[in-house]
Amino acid sequence: MAIIRPDDNAIDSAAQHYGIALDDTAKREWPALIDGALGSYDAVDQLYADEAAPTPISREFRTPESDENPLGAWYVTTDILPTSDGVLRDRRVAIKDNVSVAGVPMMNGSRSVEGFVPSRDATVVTRLLAAGATVAGKAVCEDLCFSGSSFTPASGPVRNPWDPYREAGGSSGGSAALVANGDVDIAVGGDQGGSIRIPAAFCGVVGHKPTFGLVPYTGAFPIERTIDHLGPITRSVDDAALMLSVIAGRDGNDPRQPENLESADYLSNLGSGVAGMRIGVVREGFGQAVSQPEVDDAIRSAAYSLTEAGCVVEEVSIPWHVHAFHIWNVIATDGGAYQMLDGNGYGLNVEGLYDPELMAHFASRRIQHANDLSETVKLVALTGHHGVTALAGATYGKARNLVPHARAAYDAALDQYDVLVMPTLPYVASELPAANVDRATFITKALGMVANTAPFDVTGHPSLSVPASLVNGLPTGIMITGKRFDDAKVLRVGRAFEKIRGVFPAPARHTSTVLLPPIHT
């Protein structure tokens, strides 16, 4: 079947977009010339259908009833059995709903993606099934994953197992809530501004953002390819290390991954000790405008407890930590508008495995459902469009050119210290907002906690959140960051801290729906 040809109005619109003047002769001549050029598009369309299009598969799934989904954390449930025996045998895993599971609906928290059913498993899903895990379902995520809280999903908010009146964190809120509630053993999360570590800290579980490129992003809905990460959410550092060992490594389909990437066994030396290691407590990670003093005190105390394991713990100043947030904000905003929105998720101009079926589906719905997008995505659209058009994308280019400066500042500190620590988040989980909350409050509550997490999405350093203590009955997280591709050391320090801290309490398990006041959905 021939692809759609542009009519005269579409050609006029394209010419106006590029500032091209069309006289009467041009208007007569261009349609035939364009039709000829589009012959190659017809050929590629047919070749793809014959040679490369995925074959749809059927898998059973169900949409849980509300009384089976008290935290709003499940999108759909499944029982996809492992493809072979392995180190994750008998483990149930939840997959964040921006990650493709073939034959199972994918919504990515958004009306603009709703109705899409992937035909391919993401690489991480293939690897988890091959390692013996059972896929228990898709975990709710934020609308197009652009929120650090858990009230922007189109399906409704995800509630915190410690207090269902409060946020679970985002954008991997469903993944963290299901792990914390004991519904699954492990979960896949995604992180572009802290979206693994934020819900892990709010829900009292472990979340690891691997080094950029260590885990293939193939088959996950992107936001901006220079900050996209997938990683583990678990109840212990041991499980995070085990899961990372399974999902890490080059797959040949993701341009985010370096050519010389080698996989590793991240579990084998976790318990080998940390005596003599130097721990840098990053001064700029504390005392922020929104910081709760009790949280700062708890994390500082947690950091210095590592002296009990023989570590040297000292404060260090990294002024670029403050600047790095602003660099991330420009990249995530302009890059998100350009790639995720105008680029229909994948954008163009790089190698790798695309999902043209998802691109087409999203393109057909994102304008139709534009008013249904969350306020955070609208902020990206309106600000990023200005950055890309009126500002010519030049500020994005400046931000990208500043990334090596920010990365070098952390690397310089990591030349003196084995790892850097700070609070994952400046405060404990806050109450979910009311339905009539104003737009400014909505956006502040959704994005106001990312100052410590977001910088490491642009610099690519591995960063681990481990439950530290309870403040006013709610979890806090200590964030441990290390050299790029030294995820093993980061996990080792996290394991040492777990041993010093002792068993972290678990929330009372929620098994049925609770009656709560209405909130923003």
Side-chain angles (χ1 to χ4, degrees), residues 148-151 159-170 173 176-177 180 193-194 196-207 235 237 279-309 311 313-318 321-322 325 419-433 441 444-456 463-481 493-494 496-508:
S149 191
S150 62
F151 54 85
R159 304 177 188 272
N160 192 312
W162 291 84
D163 179 351
Y165 290 84
R166 295 178 182 267
E167 61 189 334
I196 289 172
R197 293 157 290 159
I198 292 168
F202 277 154
C203 290
V205 294
V206 172
R235 280 193 287 274
V237 175
I279 313 296
V281 181
V282 180
R283 191 172 298 133
E284 288 77 9
F286 298 78
Q288 297 164 2
V290 294
S291 293
Q292 287 179 295
E294 307 96 316
V295 172
D296 278 354
D297 291 345
I299 303 309
R300 189 169 271 110
S301 175
Y304 279 92
S305 74
L306 285 163
T307 59
E308 299 176 29
C311 295
V313 181
E314 298 174 345
E315 289 210 2
V316 59
S317 177
I318 308 176
H321 183 64
V322 177
F325 163 76
V419 296
L420 306 172
V421 301
M422 66 188 81
T424 307
L425 302 174
Y427 49 77
V428 295
S430 63
E431 290 188 356
L432 290 161
T441 300
T444 298
K445 286 185 69 69
L447 299 173
M449 74 294 286
V450 304
N452 282 349
T453 56
F456 300 113
S463 194
L464 170 73
S465 181
V466 180
S469 62
L470 298 180
V471 167
N472 300 324
L474 296 166
T476 64
I478 182 171
M479 191 167 70
I480 304 165
T481 300
V493 174
F497 172 71
E498 273 187 338
K499 188 174 181 181
I500 294 165
R501 182 207 63 206
V503 176
F504 195 78

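Here the structure is a predicted model, which means the values were calculated and not measured.
Heavy atoms only, all atoms of each residue included: A429 and L474 are closest at O-CD1, 3.7 Å. Taking each heavy atom of S465 and G477 in turn, the nearest pair found is OG-CA, 4.0 Å. The two residues G494 and I480 have their closest heavy-atom pair at CA-CD1, 3.6 Å. Between G148 and I198, the shortest heavy-atom contact is O-CG2, 3.2 Å. G194 and P199 get closest at one heavy-atom pair: O-CD, 4.0 Å. Shown here for S463 and F456, the closest heavy-atom pair between the two residues is OG-CD1, 4.1 Å.
L470 has its side chain within reach of F504: a pair of non-hydrogen atoms, C-beta onward, lies under 4.5 Å apart. Between S291 and F286, every side-chain heavy-atom pair lies at or beyond the 4.5 Å cut-off. Using a 4.5 Å heavy-atom threshold, the side chains of N452 and T424 count as separate. Using a 4.5 Å heavy-atom cutoff, the side chains of P475 and V428 are not in contact. Between E167 and S149, the closest side-chain pair of non-hydrogen atoms falls below 4.5 Å. The side-chain heavy atoms of S150 and L432, taken from C-beta on, include a pair separated by under 4.5 Å. Within the 4.5 Å cutoff, side-chain heavy atoms of P455 are placed close to those of H321. In this structure, C311 and F497 have side chains that are not in contact, with every pair of non-hydrogen atoms separated by 4.5 Å or more.
Side chain of T444 to backbone of T441: no donor-acceptor contact under 3.5 angstrom is found. With E498 contributing its side chain and V237 its backbone, the two residues share a donor-acceptor pair below 3.5 Å. Side-chain atoms of E284 come within 3.5 Å of backbone atoms of I318 as a donor-acceptor pair (strictly under, hydrogens ignored).
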- Show your reasoning for whether side chain to side chain contact (heavy atoms under 4.5 Å, CB included) applies to V313 and V421. CA-CA 10 Å; V313 181; V421 301; 5.9 Å; no
- Task: For R300 and E315, run salt bridge (charged side-chain N to carboxylate O under 4.0 Å, His left out): C-alpha distance rounded to whole Å, both residues' side-chain angles, the deciding distance at 0.1 Å, then the answer.
- Result: CA-CA 10 Å; R300 189 169 271 110; E315 289 210 2; 3.2 Å; yes
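Taken to the nearest 0.5 Å, the CE atom of M422 stands 9.0 Å off from the CD atom of Q288. Expressed to the nearest 0.5 Å, how far NZ of K445 lies from CD of E431 amounts to 7.5 Å. How far CD of E314 is from OH of Y304: 8.0 Å, rounded to the nearest 0.5 Å.
For the side chain to side chain contact (heavy atoms under 4.5 Å, CB included) with P423, the lone residue among T453, V282, T476, I299 that qualifies is I299.
N472 and Q292 are not linked by any side-chain donor-acceptor pair at a separation below 3.5 angstrom, with hydrogens and angles left out of the test.
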